[in-house]
Structures are given as structure tokens and as C-alpha cells.
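Single-structure report; data block below.
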Amino acid sequence: MIQNPIPYGRQHITKEDIVAVTEALQSDYLTQGPRIAKFEKTFAEYIGCKYAVAVSNGTAALHLCTMALNVKSGEKVITTPITFVASANCVRYCGGEVVFADINPKTYLLDINSVKKLLESSPKGTYKGIIPVDFAGRAVNLEEFRKLADEYGLWIIEDACHAPGGYFVDSKKQKQFCGNGNYADLAIFSFHPVKHIACGEGGMITTNNEALYKKLMLFRTHGITKGDSAYPYKNSIEFANGGYKEETEYPGWYMEMQQLGYNYRLTDFQAALGTSQLKRVDEGLVRRREIARIYNEAFSGKPYILGQSGNIEGHAYHLYILEVADRLNLYRYLRKNNVFAQIHYIPSHLMPYYRQFGWKEGDMPYAENYYKHCISLPMFPTLTEEEQAHVIKTIENYYSK
Ligand SMILES: *Cc1c(COP(=O)(O)O)cnc(C)c1O
């Protein structure tokens, strides 16, 4: 049986997931109940960081990060053009200026040398932060980025939406898992259905920085605190006039709005789904790597392949990408044959919104060349062997015509 059509990515919902959500729906809490804290705790354990803050989606996670880092009007932040536009937009939400730097044509990730060039060509203090993206599931070497960031006094937000479970190997031969907070100040994840863990909508921020964690907790819910955080990290937020107070000193209804925040909360039944999905995330990763291995074998050395995701240690394979000649016609041929491949991404700097700031063709040669040739093949844990064989055969047929 072959799905009609075969999508590039899709969620996997089991009976166990449905039971978990149903239980949550029948409980006393639909939002901000015990399942949020449980999801945060299990996610933090999985990622290997101290703190995790669940939010309504990955874009909200990015916005809370730029708020917590106090991005102000006109401040410059560097990111890659080959990502979902949300990676850049979070800077604009705070009035900051997005400065794109080109990708490395081999890894498709933000190129540290192009970032270095930007930093070296301006007075120190010009740039405030960097947002590298673990694009397609390939982990950015954040040890290198941290060194550079420290030299220039920059913060780092790691956009790890594509890479839960992904890692790079640092200079001490240690695996550094995406979002573990050892190098980036903050990291974010998305639980949109095409990502590794599905909550419907959902997101998470991870960090090892307690001060940032406290800010995120406030900003997530209107900037309001009741002082008695129901979260595993007790007394994490203080009242404005100092210290956490016993109930005897404050009436039960007392709360303070200390900052201008938003309602970026996740619901309890989404958290139930997330926790249930998290149990299978490593299984999914094994399957993704197996699918990647088969694509690697099928396409490496073929004359029509200009580049491919490849066999990379620590790659989490949210996407499996080929760079090919004659991409548009291959895309059309695949669709005719039931394979709904996708293109990730149109470079952000060429979006009409970003062109108004002066960005244009030719600014990011490697990103633009990558975009001319890239195509993302079906990649999700429930893709069957038969379906993958059909994808490979269809591509081979196209190029043997
Ligand atoms: C999906 C995604 C986001 C945004 O996440 P949402 O949950 O859809 O808001 C941000 N960055 C990257 C790289 C993504 O893939």
C-alpha cells in the first residue's frame, strides 16, 4: 500500500497518544494543569538542559526569546536565509534589524566565516546576537559560534526546530545535543505536525540560564505572576516588592503584572500529546536515520546529484535534501507520480517583506544557488520501505528518460 500522495513529512499518532489526550480532556485542567509541567520536565531531561518552557508554537518561542534578550528597535541580529521565515521574524517583532549572512554550501548551515566577516567589518557593539538554525536536522557547531559570540559580546538563540535528538561532536569529543544550553543562551523547538514531535501547535524554549528562564515564565502569561509558581522550579518568580511571600501575608487572589507579556501558553491536552509523543522520539530518529541511509546509498555518485544531505553523525533528518539539475521538472514529474516533495526554503532575504529593507538577488550567492537546486524528499518515521522505493525509482526514471 502506497499513500496517495506521499507527503514530504507527516505526524504519527498512536492509540496511546489518543488515550493520553482523552485523559487530559476528562481531567480538571484544559490549560496550565499538571501536564504542562510534566511535559517541560521530561523534555528538559531528554534534551539535557536545566529549564524548559512550553509555549503555544515555535514562533511564539522565538518571540519570547528576543523579548527575554531585550532586543530593541534598530538593533542588529544575524541569521541565515535558508530557514523558515520565523527564525528572522522574531527580531522584527521587537523592532530589531535582521542581517542575513550566507550559508556554507556543503552543510547548508549559517556559515561562521560569513558571520565573522560581518562582525569584523563593523565596530564592536554593532551586532547584538546570532540565530543559527539546525537546518534540516543537522546540528550547528555551537562551540565555534560561542567563541565568536563571546569575542563580540553577542547572545545566541539556537533555532532547533528541525533537530530534537540531533548533536554535534565538540573539541573534547563530547556529543552536544541540540538545545542542551551548553553553548546557546536559549534554544527553541516546534511541535507542528511535520516536526519530530506533534502537539498540533506547540513549542518549547530550553535554557540553562535561570534569569532568562524567569523572564520567559513571566512573558508567556501576560507578564503576570502569582509568586507561587506551580512549576517544578519552586519560587521561580518574585513579587515586585521583593521575595516570595507566604499566603498569610497575601490574599489568595493576589497577583502582579510586572511586564508586558502575551498569552503564549500551551494547553494541557496538547502537553499530554507531546509527552506521549516524546516516548517514541528516539524510535522515530532511528527510523529517520535508516531512511536517510537508504537515500544516501541510492543517490551518492549519481551524475544528476549536485549535493545531498549525506551521512552525517548526529543529523536528526527533519528533512532529506537533494540538490539536482533540472529541479522544477523533477518536482513536477514527482507530483505526477504521487510523490509530493517540497522545497525548503525560498531564501528569507528574497521575500517581498525583507526586500523592502534592501535585500535583493545576488546578496547571498550560496543560499540562492542552493535554492535553485534543492528538493526535500519524503522523510518521516512511518514512510514505508515500499513508499521509499517508489520515491527512489521515480527519481531514477526521471533522469533515465
Ligand atoms: C517550524 C519552524 C518554526 C516555527 O514553528 P511553528 O511552531 O510553526 O511556529 C521556526 N523555525 C523553524 C526552522 C521551523 O522549521
Side-chain angles (χ1 to χ4, degrees), residues 7-11 39 43 52-67 77-94 98 100-101 103 107-110 129-140 142 156-166 178-179 184 186-206 216 219-220 262-267 270-271 273-274 277-278 281 288 309 315-321 342-349 351 353-354 367 370-371 374 376 379-380:
Y8 83 90
R10 74 164 284 150
Q11 73 278 14
F39 185 33
F43 193 81
V53 179
V55 292
S56 45
N57 56 64
T59 305
L62 283 162
H63 185 194
L64 291 187
C65 288
T66 48
M67 281 177 73
V77 175
I78 301 169
T79 192
T80 166
I82 298 298
T83 180
F84 185 54
V85 286
S87 311
N89 294 350
C90 62
V91 176
R92 297 292 309 135
Y93 295 153
C94 295
V98 178
F100 295 102
I103 61 166
T107 63
Y108 313 149
L109 304 178
L110 179 63
I130 315 175
I131 308 178
V133 180
D134 300 312
F135 171 67
R138 183 168 182 160
V140 171
L142 286 177
I156 297 175
I157 301 172
E158 177 187 8
D159 183 338
C161 283
H162 294 182
C178 296
L186 295 162
I188 70 110
F189 294 87
S190 163
F191 307 127
H192 179 282
V194 296
K195 312 286 164 78
H196 292 217
I197 295 166
C199 287
E201 298 282 355
M204 193 76 84
I205 307 163
T206 58
L216 297 168
F219 289 143
R220 171 175 74 177
Y262 292 83
N263 177 356
Y264 279 166
R265 297 185 302 252
L266 191 70
T267 65
Q270 287 172 307
L273 181 55
Q277 291 252 313
L278 191 54
V281 71
R288 285 174 186 275
S309 279
H315 203 306
Y317 295 107
H318 165 59
L319 303 172
Y320 190 92
I321 293 159
Q342 189 51 278
I343 307 305
H344 298 98
Y345 293 91
I346 300 170
S348 302
H349 72 286
M351 289 292 170
Y353 175 79
Y354 283 103
Y370 160 83
Y371 168 63
C374 68
S376 306
M379 168 56 86
F380 49 93

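Just so it is clear, the model here is predicted, and its values are computed rather than measured. Counting starts at 1 for both ligands and their atoms, following the listed order.
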> How does Asn57 reach ligand 1, by side chain, by backbone, by both or by neither, if only non-hydrogen atoms under 4.0 Å count?
Replying inline: both
>> Check the orientation of Tyr108 and Tyr370. Use parallel for under 30°, tilted for 30 to 60°, and perpendicular for over 60°.
In response: tilted
> For the atom pair NE2 (His344) and OH (Tyr320), what is the distance rounded to the nearest 0.5 Å?
Replying inline: 15.5 Å
> Relative to each other, are the rings of His318 and His196 parallel, tilted or perpendicular (30° and 60° limits)?
Replying inline: tilted
>> For atom 15 (O) of ligand 1, what's the nearest protein heavy-atom neighbour? Residue, atom name and distance, please.
In response: His162 NE2, 2.7 Å
>> Using the side-chain contact (heavy atoms from CB on, under 4.5 Å) definition, which of the options Tyr317, Phe135, Phe189 pairs with His162?
In response: Phe135
>> Can you confirm if the aromatic rings of Tyr93 and Tyr262 lie within a centre distance of less than 6.0 Å?
In response: no
> How does Thr83 reach ligand 1, if at all, at less than 4.0 Å between non-hydrogen atoms: by side chain, backbone, both, or neither?
Replying inline: side chain
> Under 3.5 Å, N or O to N or O, is Gly58 touching ligand 1 that way?
Replying inline: yes
> Would you say Ser87 touches ligand 1, if touching means a heavy atom closer than 4.0 Å?
Replying inline: yes
> Measuring from the heavy atoms of Tyr345, does anything fall under 4.0 Å of ligand 1?
Replying inline: yes
>> I want to confirm something. Looking only at heavy atoms, which of Val85, Asp159, Ile131, Thr59 is nearest to atom 12 (C) of ligand 1?
In response: Asp159
> Arg288 side chain to Ala316 main-chain N or O, any donor-acceptor pair under 3.5 Å?
Replying inline: no
> Nearest protein heavy-atom contact for atom 8 (O) of ligand 1: which residue, which atom, what distance?
Replying inline: Ser190 OG, 3.9 Å
>> Is it the case that the side chain of Thr66 and the backbone of Cys94 share a donor-acceptor pair, with hydrogens and angles ignored and the cut-off at 3.5 Å?
In response: no
> Who gets closest to atom 2 (C) of ligand 1 by heavy atom: His192, Lys195, His63?
Replying inline: Lys195
